[in-house]
Amino acid sequence: MDEPIPVTRDVDHGTAKLMPDVDRRRAWLLTVDGAPQSYVDLDAPTHLEFEYARRLGHVLDTVAEPGRALDVLHLGGGALTLPRYLAATRPGSRQDVIEADRGLLDLVVEQLPLPADAGIALHRADARAWLEAAVPDSADVVIADVFGGSRVPAHLTSVAYARAAERALRDGGVYLANLADAAPFAFLRSQLATFAAVFGELAVIAEPAVLRGRRFGNAVLLASHRPLDTATLARRTASDAFPARVEHGAALRDLMGAAEPVHDENAVPSPEPPDGAFGIG
């Protein structure tokens with residue numbers, strides 16, 4: 001059998017590279033301009049390699065009873081790691097993936113094809129434009145994992161954007177976002193204030209070292225109008241191979257502090273990661 005070889009291609013927004021994992025026969029790492037974007041094992045779609053993806057997986061496992069199909073809107077495609085995960089763990093789910101980079105979508109579908117019965121529809125569009133045009137009350141979950149390079153784009157950080165997400169969600173639906181920041185958490189705190197202006201319940205999942213301000217890293221934001229099962233999430237994330245902490249209630253309000261909601265006119269991208277923050281090799 002031929003050994004898999006790396007695939008490099010110029011896509012719409014940079015240079016994408018798919019690199020085989022020498023330890024897993026059909027597993028691949030996707031990078032764009034050198035920044036890790038996704039990891040997929042075609043033989044084991046429930047394997048989540050990246051820490052933030054594992055945390056999103058824990059939330060997806062607990063938002064409804066096990067195995068129940070969901071309607072999910074993914075903002076940002078990457079190598080379609082989470083859509084594959086949901087197709088395996090919640091068969092029959094209807095999933096729409098919004099990705100602005102057509103070249104990246106073409107590369108992923110060509111090199112890492114989806115199962116024919118996955119129920120995953122791919123759309124080349126801007127995430128916010130799609131969200132604002134989405135049918136109201138049509139999604140159980142909205143997942144935002146959109147990065148321009150290594151930064152969350154500014155137009156996906158405002159109150160208007162949060163309201164568009166709320167409109168797309170059904171009663172009891174959950175919004176999830178992969179964010180990145182470091183102490184003093186100006187960006188993360190502003191996002192908490194922004195989503196608190198729209199949703200009644202918030203939580204954040206992050207590595208303790210990130211929350212203590214020791215390093216730059218990912219934080220998963222949860223927002224809903226229904227109480228979140230933070231106790232179950234806390235148990236699952238604490239016992240993960242990459243332990244994390246769930247902040248909610250008073251601790252989250254302390255983290256938010258006096259931060260103000262972000263509006264379109266003063267929105268900025270998430271901070272540039274320091275060199276090596278998400279490096280590989």
Side-chain angles (χ1 to χ4, degrees), residues 36-39 46 48-64 70 72-78 81-83 85-86 89 127 139-147 150-153 156-157 161-162 165-166 169 173-183 185 187-196 198-199 201-224 226-249 251-253 255-256 259 270-271 273 277-278:
Q37 297 289 326
S38 303
Y39 179 100
T46 61
L48 300 177
E49 181 79 7
F50 289 179
E51 297 174 25
Y52 85 85
R54 295 172 70 87
R55 289 159 196 160
L56 288 168
H58 290 314
V59 181
L60 293 172
D61 289 346
T62 58
V63 292
L70 298 173
V72 181
L73 177 59
H74 300 263
L75 305 178
T81 304
L82 287 172
Y85 179 84
L86 275 166
T89 59
D140 297 306
V141 182
V142 173
I143 305 173
D145 187 14
V146 184
F147 284 79
S150 298
R151 307 176 74 182
V152 178
L156 306 184
T157 67
Y161 164 78
E166 183 200 32
L169 285 166
V174 179
Y175 173 86
L176 304 175
N178 176 34
L179 306 175
D181 201 2
F185 301 116
F187 177 73
L188 178 58
R189 292 169 63 240
S190 76
Q191 289 306 283
L192 292 173
T194 297
F195 280 83
V198 176
F199 290 91
E201 300 285 338
L202 298 180
V204 164
I205 307 173
E207 181 187 341
V210 172
L211 291 170
R212 287 195 288 265
R214 293 181 180 173
R215 70 175 186 87
F216 189 97
N218 294 96
V220 171
L221 169 67
L222 294 71
S224 184
R226 67 173 166 95
L228 300 162
D229 190 356
T230 52
T232 298
L233 283 173
R235 288 194 299 271
R236 292 188 63 148
T237 57
S239 61
D240 191 90
F242 304 100
R245 203 164 78 211
V246 179
E247 296 283 21
H248 61 97
L252 198 65
R253 290 190 291 273
L255 177 61
M256 189 189 317
S270 63
F278 299 128

Undergrad: What closest approach, in Å, do A223 and F195 show between heavy atoms, and which atom pair accounts for it?
TA: CB-CD2, 4.2 Å

Undergrad: Restricting to salt bridge (Lys or Arg N to Asp or Glu O under 4.0 Å), what partner residues turn up for E201, sequence neighbours left out?
TA: none

Undergrad: Is there side-chain contact between Y175 and L222, with at least one heavy-atom pair below 4.5 Å?
TA: no

Undergrad: Just to verify, what does Y161 make a ring pair (Phe, Tyr, Trp, His ring centres under 6.0 Å) with, not counting sequence neighbours?
TA: none

Undergrad: Let me confirm one number: the CE-OG1 distance from M256 to T194, rounded to the nearest 0.5 Å.
TA: 9.5 Å

Undergrad: Within the structure provided, determine whether V146 and P153 are in side-chain contact (heavy-atom separation under 4.5 Å).
TA: yes

Undergrad: Can you check side chain to side chain contact (heavy atoms under 4.5 Å, CB included) on F199 and L221, steps first, answer last?
TA: CA-CA 12 Å; F199 290 91; L221 169 67; over 6 Å; no

Undergrad: Supply the atom-to-atom distance F187 CZ to L192 CG, rounded to the nearest 0.5 angstrom.
TA: 10.0 Å

Undergrad: For the residue pair P243 and P208, what are the closest heavy atoms and their distance?
TA: O-CD, 3.6 Å

Undergrad: Does N178 have any side chain to side chain donor-acceptor pair (under 3.5 Å) partners at least two apart in sequence or in another chain, and if so, which?
TA: D145, N218

Undergrad: Going through the checks in order, is the side chain to side chain contact (heavy atoms under 4.5 Å, CB included) test met by L188 and L255?
TA: CA-CA 9 Å; L188 178 58; L255 177 61; 4.2 Å; yes

Undergrad: CG of L48 to CG of L82: how many Å apart, nearest 0.5 Å?
TA: 6.0 Å

Undergrad: Can you sort out the partners of D240 under salt bridge (Lys or Arg N to Asp or Glu O under 4.0 Å), two or more places apart, ordered by chain and number?
TA: R54

Undergrad: Is any side-chain heavy atom of E247 less than 4.5 Å from a side-chain heavy atom of L211?
TA: yes

Undergrad: Keeping the roles fixed (side chain from S224, backbone from G173), state whether a donor-acceptor pair exists under 3.5 Å.
TA: yes

Undergrad: If you compare all heavy atoms of S38 against all heavy atoms of G78, which two are closest, and at what distance to 0.1 Å?
TA: OG-CA, 3.5 Å

Undergrad: Where do A244 and R55 come nearest, in terms of heavy atoms and distance?
TA: CB-NE, 3.2 Å

Undergrad: Holding to salt bridge (Lys or Arg N to Asp or Glu O under 4.0 Å), I want the full list of residues that pass it with E207, two or more places apart in sequence or in another chain.
TA: R215

Undergrad: List for me each residue that meets salt bridge (Lys or Arg N to Asp or Glu O under 4.0 Å) alongside R236, sequence neighbours excluded, and say none if there are none.
TA: D61

Undergrad: Run the numbers on E51 and V220 for side chain to side chain contact (heavy atoms under 4.5 Å, CB included), then give the verdict.
TA: CA-CA 10 Å; E51 297 174 25; V220 171; over 6 Å; no

Undergrad: To the nearest 0.5 Å, tell me how far F50 CZ sits from F242 CZ.
TA: 10.5 Å

Undergrad: Using 0.5 Å steps for rounding, measure from the OH atom of Y52 to the CG atom of L176.
TA: 12.5 Å

Undergrad: From Q191 CD over to L202 CG, what is the distance, rounded to the nearest 0.5 angstrom?
TA: 11.0 Å

Undergrad: Check A219 against V204 and note the closest heavy-atom contact, atom names and distance.
TA: CB-CG1, 4.1 Å

Undergrad: Evaluate side chain to side chain contact (heavy atoms under 4.5 Å, CB included) for H74 paired with L86, printing each intermediate quantity in order.
TA: CA-CA 11 Å; H74 300 263; L86 275 166; 4.0 Å; yes

Undergrad: If the test is side-chain contact (heavy atoms from CB on, under 4.5 Å), which one of L60, L75, L73 qualifies with I143?
TA: L60

Undergrad: Do you know the tightest heavy-atom contact between V152 and S270?
TA: N-OG, 2.6 Å

